[in-house]
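What follows is a short report on a single structure.
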Amino acid sequence: MAKRKKDDEFGRLRDEWTEGFAFVERTGSAACLICNDKIPSMKRLNTERHFDTKHVKSFYQECKLVSSNCVCVWTQQGDWNSASFAAAFAIVRNGKPFTDGEYAKAFMLDVANELFDDFSDKDKITKRIKDMPLSARTVHDRTIMMSNQIEARQVKDINAAPVFSLALDESTDVSNLSQFSVIARYVVGDTLHEESLAVLTMKGTTKGEDLFKSFTEFAKEKNLPMDKLVSVCTDSHEKRHILSFHCILHQEALCAQMCGEQLGEVMSLVVRVVNFIVARALNDRQFKTLLDEVGNNYPGLLLHSNVRWLSKGKVLSRFAACLSEIRTFLGMKNVEHPELADTEWLLKFYYLVDMTEHLNQLNVKMQGIGNTILSLQQAVFAFENKLQLFIADIETGRLLHFEKLGKFKEAYTASDPAQHFDLRQLAGFTSNLLQSFKSRFGEFRERNHLFKFITHPHEWTVDSADLSYIPDQLIVKTWNALPVTYHTLQRVSIAVLTMFGSTYTCEQSFSHLKNIKTNLRSRLTDGSLNACMKLNLTKYQPDYKAISKTMQHQKSH
């Protein structure tokens, strides 16, 4: 029995040795199928040692080399990925479609061929450009990834901030879809941040409760710290103790529109005449020819839009500059509007021209990203003081602040010194406008002492209109520099600085939305649209390399 076992062990090669160690029997010896070496004695130990020593170790070394090469290739691919992220970011920030990625690559190659023609490594440069992934799908995916990274940083900073505020507004895009803009303001260190968190698409109705539900679902999904929310600038808000403000710009627009029945009739006639001339192609061409013939430098009249109420001032100003030509043109067309030559009507008209210009100056001052409730309140209260000055200016008849009205008065009195102007009605219009401001901005006036305390804690009882401009960052830095014992005051000051007094930033986001979602790009998905909006409006810079490191090596699209 023992002898038979020995023969089995030393006399022949077993099948499992072939499978395990790649050996076969040849002329009485064990031959390696990998290197053809022979082992005289057919022992399992010998064949196993040969396989481990000669082949397994060398195979392991080759694998390490291959792995190292893969790492080098991936590192290089990471650089290409970073470059493609930078290109995708530039494409989105400039409002270009995702398909422009391939055009951008072709453009870079054409430039590189000429710009680096005398470089010894020109081929290496152009190869890098060629290998950079920039297909439409790639640009889309890069956009989503960068947006997700920025959103994560926004949410992280909001959670780390002591408080934050929101501005919420709703509008309709070119596809007649309702879009709901969510803008947040918060402090990071000594810097006040104002960031677009999302543009939410509303599929159904857009009542206040629908907007509120959409936002609360978004806030829950993104883990926003709602217990830190101190202020909302919109028409509807969460049912808890937070400050809620109706947009200052909207209220100012309403004040400007509440000009009374008589001034409303003046504006109505101006709009009718403008529409008669501009809305008809033949009339428009003929009127422009008339302006050119008489040497009027204006190219024509402007149409007024109720949606863009600021256009009212520009329409009136242009109408006043072309009034003589308008009368002539209407006479040529046998259209009678005797009011255009009536002294009383013209007094109201020129008053309206000057007053809308003052209102437009106020509106422009309050527009812009980053305006805090302090600066907006200061602008409104300062304008109220101006209105009081305007009333006195009209009552004295000096009209120092009413340029067009003053020139009209001077021209008439020069031709007829006995001409008398009753300006009391115009002073009454101004007084009504002042009262409208005071009533509509009551909610801001109620918190005037709080707002004043943030900038001038030692003289907080002084009227806020006396404030000089103080940069918001300086205010934040000053309060942050206080000892920790003043933590509550620090928190209050930062809370006030985060408050929105206007939804202007939301309106700006809708302007970007119109540039992104045009008639030619109306089929953008909600996710793509939101990502494009975020990258267009954010002050954060995407970290291309960090995103590249998180990506698995994959074949370029």
Side-chain angles (χ1 to χ4, degrees), residues 58-154 196 512 515-521 523-525 527-557:
S58 63
F59 178 74
Y60 175 71
Q61 293 298 326
E62 289 179 8
C63 285
K64 284 184 66 178
L65 179 60
V66 170
S67 176
S68 177
N69 290 338
C70 286
V71 171
C72 291
V73 169
W74 166 237
T75 302
Q76 188 179 45
Q77 179 70 21
D79 293 335
W80 292 332
N81 280 329
S82 296
S84 71
F85 276 109
F89 188 61
I91 288 170
V92 173
R93 292 278 280 198
N94 286 279
K96 302 300 181 181
F98 298 147
T99 51
D100 272 12
E102 292 295 349
Y103 162 75
K105 184 191 289 190
F107 171 81
M108 286 187 283
L109 282 172
D110 290 342
V111 172
N113 281 328
E114 301 298 327
L115 190 62
F116 306 113
D117 190 50
D118 57 339
F119 280 42
S120 60
D121 58 347
K122 173 187 172 182
D123 292 341
K124 182 179 179 181
I125 294 173
T126 55
K127 185 178 185 304
R128 287 254 179 131
I129 297 175
K130 289 178 181 178
D131 291 339
M132 180 172 56
L134 272 183
S135 68
R137 177 59 183 273
T138 298
V139 174
H140 168 270
D141 293 346
R142 300 287 192 265
T143 300
I144 298 297
M145 295 174 75
M146 288 186 289
S147 174
N148 290 341
Q149 184 198 57
I150 287 173
E151 183 178 88
R153 292 167 63 185
Q154 290 173 333
S196 172
H512 283 283
N515 294 331
I516 295 170
K517 195 171 183 181
T518 63
N519 289 324
L520 298 177
R521 301 179 65 199
R523 298 184 65 183
L524 280 173
T525 64
S528 299
L529 179 63
N530 187 51
C532 290
M533 284 288 297
K534 189 176 291 292
L535 295 186
N536 262 279
L537 298 173
T538 186
K539 295 291 175 52
Y540 289 91
Q541 178 67 31
D543 189 342
Y544 311 131
K545 293 189 181 299
I547 304 177
S548 295
K549 289 179 181 179
T550 64
M551 297 171 58
Q552 294 182 352
H553 179 58
Q554 55 186 357
K555 183 178 180 181
S556 300
H557 294 292

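Values below: all heavy atoms of this structure, side chains included; hydrogens, waters and symmetry mates excluded. What you see is a predicted model, and the numbers here were worked out from it, not measured in a lab.
The closest side-chain heavy-atom distance from D121 to I125 is below 4.5 Å. In this structure the side chain of P542 reaches within 4.5 angstrom of the side chain of Y544, judged on heavy atoms.
When all heavy atoms are compared, the tightest approach of V139 to G101 is CG2-CA, 4.1 Å. Listed here is the closest heavy atom pair of A112 and T126: CB-CG2, 4.3 Å.
The backbone N or O of L535 lies less than 3.5 Å from no partner atom in the side chain of T538, so there is not a single donor-acceptor pair. With hydrogens and angles disregarded, no donor-acceptor distance shorter than 3.5 Å links the side chain of D100 to the backbone of I91. Under the 3.5 Å distance criterion, the side-chain polar atoms of K534 are left unmatched by any main-chain donor or acceptor of E151. Here the side chain of K545 pairs no donor or acceptor atom with the backbone of S82 at under 3.5 angstrom. Panel note: side chain D543, backbone A546; a donor-acceptor pair is recorded below 3.5 Å. Side-chain atoms of S147 never come within 3.5 Å of backbone atoms of I144 as a donor-acceptor pair (strictly under, hydrogens ignored).
Identified under the ring pair (Phe, Tyr, Trp, His ring centres under 6.0 Å) test for residues 108-134, with sequence neighbours left out: F116-F119.
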### Task
Carefully, step by step, assess Q541 and F89 under the rule side chain to side chain contact (heavy atoms under 4.5 Å, CB included).
CA-CA 10 Å; Q541 178 67 31; F89 188 61; 4.0 Å; yes
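Cation-pi geometry between R142 and F85 is satisfied (NZ or CZ under 6.0 Å from the ring centre, within 45° of the ring normal).
Atom CD of E114 is surrounded by 12 or fewer heavy atoms from other residues, nucleotides or ligands within 6.0 Å. Around NZ of K122, the count of heavy atoms belonging to other residues, nucleotides or ligands within 6.0 Å exceeds 12.
The aromatic rings of H140 and F98 lie perpendicular to each other, with more than 60° between the two planes, well past the 30° mark.
Using a 4.0 Å cut-off between charged nitrogen and carboxylate oxygen, K127 and D123 do not count as a salt-bridge pair.
Rounding to the nearest 0.5 angstrom, the gap separating the CG atom in D110 from the CG atom in L115 is 12.0 Å. Here the OG-CG distance, from S84 to D131, works out to 12.0 Å after rounding to the nearest 0.5 Å.
Checking each of V111, L134, L109 against I129 for a side chain to side chain contact (heavy atoms under 4.5 Å, CB included) leaves exactly one that passes, namely L109.
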